[in-house]
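Any value given below was found using the heavy atoms of this structure, including those in side chains, with hydrogens, waters and symmetry copies removed. Here the structure is a predicted model, which is why all the values come from computation and not from measurement. Along the sequence shown, residues carry numbers from 1.
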Amino acid sequence: MKKYLLVEMPDFSVWRVPTQIIADARTDYYAERYGEDREKVKAETERLFAANEFEIEDWAGNCMDWDEVRAHAVQVKAGEVDYQEGWVNGGKCVTDDEEQKDVV
């Protein structure tokens with residue numbers, strides 16, 4: 001499976017994750033949890049992911065954590081923070097605590 005899932009993070013950086021990592025996670029889940037034949041589940045996962053790319057996104061977002069893909073993720077676009085947007089629309093509060101680090 002030579003496809004990649006691109007993910008845009010809150011800082012607008014973009015990360016590329018091999019879909020094989022996601023497919024392996026789904027295969028492992030069904031093979032281990034339900035005792036299904038690993039090769040059968042692997043073939044089913046490949047068919048499912050090839051037929052409907054939403055299934056890749058859905059499994060990744062709803063069944064996996066970032067920690068599971070972090071080692072395989074490659075940043076393909078650096079983040080950009082829009083400080084003007086933050087200044088205008090960011091959460092704000094007034095305090096007399098000079099050590100305050102959390103806003104709102």
Between side-chain atoms of residues 10-17 and protein atoms elsewhere (two or more places apart, or another chain), which donor-acceptor pairs fall under 3.5 Å?
residue, atom, partner, partner atom, Å
D11, OD1, S13, N, 2.8
D11, OD1, S13, OG, 2.6
S13, OG, W15, NE1, 2.9

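From T27, atom OG1 reaches atom CG of D37 across 11.0 Å, with rounding to the nearest 0.5 Å. Note that NZ of K40 is 12.5 Å distant from OH of Y30, once rounded to the nearest 0.5 Å. Atom CD of E55 is separated from atom CD1 of I22 by 12.0 Å, given to the nearest 0.5 angstrom.
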**Study point:** R26 vs E46, salt bridge (Lys or Arg N to Asp or Glu O under 4.0 Å): CA-CA, chis, key distance, verdict
**Key:** CA-CA 10 Å; R26 184 185 187 280; E46 288 178 3; over 6 Å; no
Exercise for review: Quick one: do D28 and R38 satisfy salt bridge (Lys or Arg N to Asp or Glu O under 4.0 Å)? Show the steps, please.
Suggested key: CA-CA 7 Å; D28 290 346; R38 182 168 175 65; 2.6 Å; yes
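The side-chain hydrogen bond (donor to acceptor under 3.5 Å, both in side chains) pairs that include a residue from residues 61-76 are D58-N62, D67-R70, where partners are two or more places apart or lie in different chains.
Linking ILVMFWY residues whenever their side-chain heavy atoms come closer than 4.5 Å, directly or via other members, leaves I56 and V74 in distinct clusters. M9 and M64 end up in the same hydrophobic cluster when Ile, Leu, Val, Met, Phe, Trp and Tyr side chains are linked at under 4.5 Å.
When all heavy atoms of V88 and K92 are compared, the closest pair comes out as O-NZ, 3.3 Å.
Within a 6.0 Å sphere centred on CD of E53, heavy atoms belonging to other residues, nucleotides or ligands number 12 at most.
Here W59 and Y29 bring their ring centres to under 6.0 angstrom of each other.
For the pair V7/L5, a side-chain contact is recorded, criterion being any heavy-atom separation below 4.5 Å from C-beta on.
Partners of N52 by side chain to side chain donor-acceptor pair (under 3.5 Å), not counting sequence neighbours: none found.
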